[in-house]
Visitor: 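Got a structure here, written out as structure tokens. Questions coming.
Since we're looking at a predicted model, the values are computed, not measured. Naming: A, B, ... by sequence-line order, numbering from 1 per chain.
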Amino acid sequence: MFTVIFVMLSGLAAGYLLRGFPFLQKMNGPIYCTILFLLFVMGVHVGKDQNIINNLGGLGLQAFLISAACTLCSVIAAKFIYARFFKDLK
Amino acid sequence: MKGSLLIVTFFVLGCFCGRLDLLPAILTADFLPTAVLYALMFQVGLSIGADRKLKAILLAIKPKLLLLPLATVVGTFTGAFLISFFITGRGVFDTMAVGAGFGYYSLSSILITQLKTPLIGAQLAGELGTLALMSNILREMYTLLGTPLFLKYFGKLAPVCAGGVTSMDATLPVITRYCGKEIVFLSIFHGVLLDFSVPFFVSLFCSL
């Protein structure tokens with residue numbers, strides 16, 4: 001389960017050691033292409049699964065509720081630290 | 001916004017191709033998403049490790065600034081925890097894993113699908129991953145559209161916390177425009193730290 005983190009940390013170490021190579025400063029393009037490909041592949045797996053497709057509406061409502069709750073509580077927490085600790089920003 | 005539309009387009013395109021069974025076997029193989037995920041994580045690690053700005057950002061950290069990502073983490077998990085009681089069929093930790101994307105829809109949805117498949121089967125894991133994708137895209141959209149309101153009612157740091165990981169890229173222009181230039185550094189710092197925390201929190205909640 002922690003393979004993913006291990007892979008990222010080894011990338012981190014490699015990136016630090018090889019930071020002199022200019023192409024490593026321009027990783028955003030390759031990363032974005034990989035993300036697009038990955039989402040396509042994920043879509044293929046979701047599309048093969050009739051049950052998920054039938055359930056998309058219900059998932060949309062749940063996604064709305066979760067994201068609204070997370071965003072709302074985050075801005076409340078932001079208000080709290082802003083008032084208590086970041087008065088200098090006002 | 002354009003970026004997230006392209007992401008959704010690729011996902012939907014994949015759904016259609018999978019549905020209509022258009023693709024060669026190699027593209028539908030079960031090992032493929034995991035393999036591509038590892039390639040992605042390695043690249044993310046490479047780019048962070050090689051980033052010259054990283055050192056400057058690390059040196060500029062004052063302990064007080066850590067309160068900003070901390071507020072986002074506490075707020076997000078509180079919200080996910082509370083709302084999980086109103087959502088049928090999902091466990092508390094599943095909902096929190098979805099929240100732990102902090103707006104990083106691509107990575108969180110893929111991670112959740114991969115980590116959950118051995119535990120609850122491909123169908124439920126795929127559902128949860130799709131939920132994470134939609135939920136975290138929505139978070140970015142709320143921030144893009146709601147920043148003026150968040151600023152008015154919750155203060156200057158609210159749009160940053162609302163944006164989560166996206167406060168360092170996708171929502172940074174909007175945040176800077178409404179909250180002022182002095183927020184730029186804070187916003188990027190907040191996004192970078194959260195970015196790094198996503199794999200940890202998502203793995204944690206997926207294993208609980």
Visitor: To the nearest 0.5 Å, what is the distance between CG (B/Leu68) and CD1 (A/Ile81)?
Guide: 5.0 Å

Visitor: Apply side chain to side chain contact (heavy atoms under 4.5 Å, CB included) to the pair B/Leu40 and A/Phe37, showing each step before the final yes or no.
Guide: CA-CA 10 Å; B/Leu40 175 67; A/Phe37 181 58; over 6 Å; no

Visitor: Please classify the contact of B/Leu124 with chain A as side chain, backbone, both or neither, using a heavy-atom distance under 4.5 Å.
Guide: neither

Visitor: Could you go step by step and tell me if A/Ile31 and B/Ser47 meet the side chain to side chain contact (heavy atoms under 4.5 Å, CB included) rule?
Guide: CA-CA 9 Å; A/Ile31 288 178; B/Ser47 73; 3.7 Å; yes

Visitor: If you measure from CD on A/Gln62 to OG on B/Ser135, what distance do you get to the nearest 0.5 Å?
Guide: 10.0 Å

Visitor: Less than 4.5 Å to any heavy atom of chain A: does that hold for the side chain of B/Leu186, its backbone, both, or neither?
Guide: side chain

Visitor: Tell me, out of A/Leu24, A/Val41, A/Leu38, who's got the most heavy-atom pairs with chain B below 4.5 Å.
Guide: A/Leu38

Visitor: With a 4.5 angstrom heavy-atom cut-off, is it the side chain or the backbone of B/Ser84 that approaches chain A, or both, or neither?
Guide: neither

Visitor: What part of B/Thr72 gets within 4.5 angstrom of chain A, counting heavy atoms only: side chain, backbone, both, or neither?
Guide: both

Visitor: Do A/Leu12 and B/Leu46 come close enough that some side-chain heavy atom pair is under 4.5 Å?
Guide: no

Visitor: Find the one option among B/Ala122, B/Gly126, B/Gly164, B/Ser106 whose heavy-atom pairs under 4.5 Å with chain A are most numerous.
Guide: B/Ser106

Visitor: Give the member of B/Leu27, B/Thr78, B/Leu67, B/Thr143 that has the highest number of heavy-atom pairs under 4.5 Å with chain A.
Guide: B/Leu67

Visitor: Given heavy-atom pairs under 4.5 angstrom as the criterion, report whether the side chain, backbone, both or neither of B/Tyr142 touches chain A.
Guide: side chain

Visitor: I need the A/Leu65 CG to B/Ile87 CD1 distance, nearest 0.5 Å.
Guide: 5.0 Å

Visitor: Would you give the length of the straight line joining atom OG1 of A/Thr71 to atom CE of B/Met141, rounded to the nearest 0.5 angstrom?
Guide: 12.5 Å

Visitor: Tell me, out of B/Leu133, B/Thr88, B/Thr130, who's got the most heavy-atom pairs with chain A below 4.5 Å.
Guide: B/Thr130

Visitor: Which pairs pass ring-ring contact (aromatic ring centres under 6.0 Å, His included) with one or both residues in residues 65-89 of chain B, sequence neighbours excluded?
Guide: B/Phe77-B/Phe102, B/Phe77-B/Phe201, B/Phe77-B/Phe205, B/Phe81-B/Phe85

Visitor: Looking at chain A, which one of B/Ala39, B/Ala35, B/Ser109 has the largest number of heavy-atom pairs inside 4.5 Å, strictly under?
Guide: B/Ser109

Visitor: Most heavy-atom pairs under 4.5 angstrom with chain B, which of A/Ala69, A/Ala77, A/Ser74?
Guide: A/Ser74

Visitor: Using 0.5 Å steps for rounding, measure from the CZ atom of A/Phe86 to the NZ atom of B/Lys64.
Guide: 5.5 Å

Visitor: If only atom types and distance count, is the side chain of A/Lys79 paired as donor or acceptor with the main-chain N or O of B/Ala158 below 3.5 Å?
Guide: no

Visitor: Roughly how far apart are B/Phe150 CZ and A/Ile76 CD1, rounded to 0.5 Å?
Guide: 10.5 Å

Visitor: Restricting to salt bridge (charged side-chain N to carboxylate O under 4.0 Å, His left out), what partner residues turn up for B/Arg90, sequence neighbours left out?
Guide: B/Glu127

Visitor: Which answer fits A/Phe64, side chain, backbone, both or neither, if we ask what part of it has an atom under 4.5 Å from a heavy atom of chain B?
Guide: both

Visitor: Could you name the residues of residues 93-101 of chain B that have a heavy atom within less than 4.5 Å of a heavy atom in chain A?
Guide: B/Thr95, B/Val98, B/Gly99

Visitor: Determine the option with the most heavy-atom pairs under 4.5 angstrom with chain B, choosing from A/Gly58, A/Ala68, A/Ser67, A/Ala78.
Guide: A/Ser67

Visitor: Flag yes if more than 12 heavy atoms outside A/Tyr16 fall under 6.0 Å of its OH atom; otherwise flag no.
Guide: no

Visitor: Name the member of A/Gly20, A/Ala14, A/Gly43, A/Cys73 that forms the most heavy-atom pairs with chain B at distances under 4.5 Å.
Guide: A/Gly43

Visitor: Which pair of heavy atoms, one from B/Leu131 and one from A/Ile66, lies closest together, and at what distance?
Guide: CD2-CD1, 4.0 Å

Visitor: Where along residues 14-24 of chain B does a heavy atom come under 4.5 Å of chain A, listed by residue number?
Guide: B/Gly14, B/Cys15, B/Cys17, B/Gly18, B/Arg19, B/Leu23

